[in-house]
Amino acid sequence: MTGLRHLLSAADLDHETAIAVLDTAAQMSATQSREIKKLPTLRGRTVVNLFFEDSTRTRISFEAAAKRLSADVINFSAKGSSVSKGESLKDTALTLQAMGADAVVIRHHASGAPHRLAHAGWVDAAVVNAGDGTHQHPTQALLDAFTLRRHLAGDADNPDGVGLDLAGKHVAIVGDVLHSRVARSNVLLLHTLGARVTLVAPPTLVPVGVEAWPCAVSYDLDGVIADQQPDAIMMLRVQRERMGAGGGGTTGATSFFPSPLEYTRTFGLDARRLRMLPDHAIVMHPGPMNRGLEISADAADSDRAVIVEQVANGVAVRMAVLYLLLAGEREAWS
Ligand code: NCD
């Protein structure tokens, strides 16, 4: 099997494992067009969704994935807890252990929380990182890779590109890289799969140490689109909640760029930039979108945009991850 015990980072996925997850997701995806979508694979297993931070897509997607595999699902929304982070995580973990959780899907505002949960010895469960701080969001990278592979590597005989990687493809990731766990996970996984990645952002939103990442960096979106003709462009949300003092505010954003209008003019995807992309290029966004800031409505709703498809693919990818972590190689769904 894949040998995966937890999925904490895109760095946990070598080439072979990443392809195995994507190929399993393709099988899962095929079951999702059947009239009866539910598979018996994880009957009797318990998956806990432990969300310390807001989420729409990711939480619902993990819930749907676990339910489609017939697991029992417990949703634990820990937001608003006043207990100190370490204690609250430990106490919660001990409770989950007592309830017999087989997998814990955790989203936490603190980078490293899933790692702590997996390695502190509090739980026996498999731990899946559903986004920790600005650090990692590996299942987002997998669903993005699945979507990219389908569009850029698949063909009529092999629509999901099963067995293939993204060698030779070029993906531009544009916007608030500094605060983005999506960007960090995608850079790693896309590199593992052989793709070339260019990060495009204002200098204030490029993380310190980015030189060590396996990608190129540019401050010039028009130049990257016109000269490099990327096969895909992935727009990142401007994460205003991570910019204001104390979080939650919107006021801090303008200390990273002069004004929202200026940001949109320089780094937003609009109809003009859309027309400059090659005909086959796809437009991605992990959601939630700030329409009118990093992406215009006509770009978001264009026929190049695969944003809704990314959400659908998220369920298949998370089914694959839960299956591979919990059920091993049993071919119970076929
Ligand atoms: C992302 C996240 O939460 O990191 N969204 C998601 O998982 N669909 C990106 C974001 O919030 O901008």
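Values below: every heavy atom of this structure, side chains too, minus hydrogens, waters and symmetry copies. Atoms within a ligand are numbered from 1 in the order they appear, just like the ligands themselves.
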Take Val206 and Val177, measure what side chain to side chain contact (heavy atoms under 4.5 Å, CB included) needs, and give me the verdict at the end. CA-CA 6 Å; Val206 173; Val177 178; 5.6 Å; no
Side-chain donor-acceptor pair under 3.5 Å between Arg107 and Asn129, yes or no? no
In terms of relative ring orientation, are His109 and Phe52 parallel, tilted or perpendicular, with 30° and 60° separating the classes? perpendicular
N/O to N/O under 3.5 Å, ligand 1 against protein:
unit_1: ligand 1; atom_1: 3 (O); unit_2: Arg107; atom_2: NH1; d: 3.2
unit_1: ligand 1; atom_1: 3 (O); unit_2: Arg107; atom_2: NH2; d: 3.2
unit_1: ligand 1; atom_1: 3 (O); unit_2: Arg181; atom_2: NH2; d: 2.9
unit_1: ligand 1; atom_1: 4 (O); unit_2: Arg181; atom_2: NE; d: 2.7
unit_1: ligand 1; atom_1: 4 (O); unit_2: Arg181; atom_2: NH2; d: 3.4
unit_1: ligand 1; atom_1: 5 (N); unit_2: Gly287; atom_2: O; d: 2.9
unit_1: ligand 1; atom_1: 7 (O); unit_2: Thr58; atom_2: OG1; d: 3.0
unit_1: ligand 1; atom_1: 7 (O); unit_2: Arg107; atom_2: NH2; d: 3.1
unit_1: ligand 1; atom_1: 7 (O); unit_2: His137; atom_2: NE2; d: 2.7
unit_1: ligand 1; atom_1: 8 (N); unit_2: Pro286; atom_2: O; d: 3.0
unit_1: ligand 1; atom_1: 8 (N); unit_2: Gly287; atom_2: O; d: 3.2
unit_1: ligand 1; atom_1: 11 (O); unit_2: Arg237; atom_2: NE; d: 3.3
unit_1: ligand 1; atom_1: 11 (O); unit_2: Arg237; atom_2: NH2; d: 2.9
unit_1: ligand 1; atom_1: 12 (O); unit_2: Arg237; atom_2: NE; d: 2.7
unit_1: ligand 1; atom_1: 12 (O); unit_2: Arg237; atom_2: NH2; d: 3.4

Given Leu69, which partner from the list Leu42, Thr31, Leu326 fulfils the side chain to side chain contact (heavy atoms under 4.5 Å, CB included) test? Leu42
For a quick check under 3.5 Å, do Asp132 and Ser111 share a side-chain donor-acceptor pair by atom type? no
Side-chain donor-acceptor pair under 3.5 Å between His15 and Asp165, yes or no? yes
